[in-house]
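Notes to accompany the following structure.
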Protein chains: 2
Amino acid sequence: MHEDGAEQRWSIGEVSRRTGITVRTLYHYDEIGLVRPARRTASGHRRYTASDVRRLYRVRALRGFGLSLEEIATVLARSSDDLATLRDLLAAQLAALEAYAARAARLSEQLRDLVGQLDAAVMPEPDQFLTTLEMISVYETYFTEEQREQLARRRTALGDETVEATKMEWLELVRAFKQHVADGTPVDDPRVRDLTARWETIGVAYASPDPQENDQISAAAAALWRDHQEEISTRISSQLDWLAPDDLPKIMEYVERVRQAR
Amino acid sequence: MHEDGAEQRWSIGEVSRRTGITVRTLYHYDEIGLVRPARRTASGHRRYTASDVRRLYRVRALRGFGLSLEEIATVLARSSDDLATLRDLLAAQLAALEAYAARAARLSEQLRDLVGQLDAAVMPEPDQFLTTLEMISVYETYFTEEQREQLARRRTALGDETVEATKMEWLELVRAFKQHVADGTPVDDPRVRDLTARWETIGVAYASPDPQENDQISAAAAALWRDHQEEISTRISSQLDWLAPDDLPKIMEYVERVRQAR
DNA sequence: CTTGAACCTCCCGCGACGGGAGGTCGTACG
DNA sequence: CGTACGACCTCCCGTCGCGGGAGGTTCAAG
């Protein structure tokens, strides 16, 4: 650690080449005071010292971890004596990165599904695909991020076949109810009471251990149905040949009346 | 699909509540022409139709997948007849997301290491930690992303113990060379020739199957050493009690001369 | 002394809005 | 019928991390 007067200094271009940071960025760092060259020549040209360059390397590393320039400025201002701040920031950044990675993974999965559906031409109608997009958004409007995550976890835990089986069972119930609605079966008939009980147990597999959470999810689902009955009914009936668009609202209303009658 | 004159229309505030999109954002979408309400009242208030709201849901879903508003505008402009564009965009987005997730995973690992080192107080000197940051940046300056990934893959494939063993073996070689340098052993001595051979085989475990890639990595490493001898030497010697800061350059030069003498 | 590269400052632009100022409109209530 | 208040309107500045251009000065080599 010897510092004599003849210390080496570099022009902004040389520094740019050495560090791989563009000249424009160096100007920017100087402007905001993040890395200012130790001195200027008489004519105003920037002269960077070895210590400036080291600071630049630190900035680059921290930028690489996703810290903002402001955060970097604060940790580099106090860091010599205080590593705790830096540690906390890095730890926070780590948590943020992991959360982001998890979100990205969920999105990737959803996207793979969608692209797969498009490729398999399962959904030949363009309108139908766009409607799928709408439903995704509606779904996200009514359920919070945690709720969606919770439901997604449950689904993957149960496995695709189980989920598919549940869907089939639900459709079977819908068909049975449709018949009862058509027949005008009274709401206190033991048969429809049994069907309603099965209806309610279906969701149990997706329930979380926390009952309060379940209530919130049920409430969100109810609100979704309340506000978007038509779209949902249209969409589901369009994929089945035995269900008319206005069947589902009638069925849901009927089920509700059965519940009340208990 | 019946469209009578008495179609339902909503004010911007109602739409905001229904979709969860802020009023400000609705203004923005109108401004850039992404979602314009079907009409205005005489006084200029926006009136959104059901079809506008559906478009908003589509926009929100696509935004959720990370598409830009411009991309969304193009796919929604042509999408009714052309799902291929949308498919390609989603597929591209999927690839981008996966790449990003992979990068996030690498960064997380690096960050966990760093935070772990800070917590374990392995590195009590603040300066030393900041120097670590500098080295990270330098490392990234000289090796390309693929090269770093390649090296990281090799390291994880070999396992921590093997890597540690390699490090130990290398240190052993360095100590042996240090002695030979001190003794002035001639560069054509079979003992130093053997040591140099071992030196060279050490890196082989990290080599890629592609020889050209190896050459590039070696070149990058050489450039790094050329430009940052001092920092590296200082850093390594500070962690060992038997190595002076100026030993390593001498040793490297000696090894080079042994190589030339062959 | 000239030429061309490197350097300087100043300023507009991006993407997707947030937020405030300052004005108009709609409607419910007194 | 007036008035109060909330909802709505347009216009414009700010964000973050620079990129890039204009228009001028300085440096180093020939």
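Just so we're on the same page: letters track the sequence lines, and every chain starts at 1.
Here the side chains of E98(A) and R112(B) are in contact, with some heavy-atom distance below 4.5 Å. V35(B) is not listed as a side-chain neighbour of L26(B), based on a closest heavy-atom distance of 4.5 Å or more.
Residue R46(B) places none of its side-chain N or O atoms closer than 4.0 Å to OP1 or OP2 of dC25(C). Within the 4.0 Å cut-off from OP1 or OP2 of dC16(D), not a single side-chain nitrogen or oxygen of S68(A) is found.
Around the CD atom of E230(A), the shell of radius 6.0 Å holds no more than 12 heavy atoms that belong to other residues, nucleotides or ligands.
Applying the ring pair (Phe, Tyr, Trp, His ring centres under 6.0 Å) test to every pair with at least one member in residues 32-67 of chain A, sequence neighbours left out, gives these pairs: Y57(A)-H228(B).
The pair D52(B)-R39(B) does not meet the salt-bridge criterion, since no charged nitrogen lies less than 4.0 angstrom from a carboxylate oxygen. Between R106(B) and E145(B), at least one side-chain nitrogen of the basic residue sits less than 4.0 Å from a carboxylate oxygen of the acidic one, meeting the salt-bridge criterion. Look at R18(B) and D227(A) and you find no salt bridge, because none of the NZ, NE, NH1 or NH2 atoms lies under 4.0 Å from a carboxylate O.
Against DNA chain C, the stretch residues 22-31 of chain A makes heavy-atom approaches under 4.0 Å through R24(A), Y27(A). Of the residues in residues 35-45 of chain A, those lying under 4.0 Å from DNA chain C by heavy-atom distance are R40(A), G44(A), H45(A).
Here the P atom of nucleotide dT25(D) and the CD1 atom of I12(A) are 19 Å apart, to the nearest Å. Rounded to whole Å, the distance from CG on L67(A) to P on dC16(D) is 15 Å. Rounded to whole Å, the distance from CD1 on I72(B) to C1' on dG15(C) is 12 Å. Summarising the geometry, the separation between CH2 on W10(B) and P on dC8(D) is reported as 15 Å, rounded to the nearest angstrom.
Checked by atom type and distance alone, the side chain of N214(A) pairs as donor or acceptor with a backbone atom of S208(A) at under 3.5 Å.
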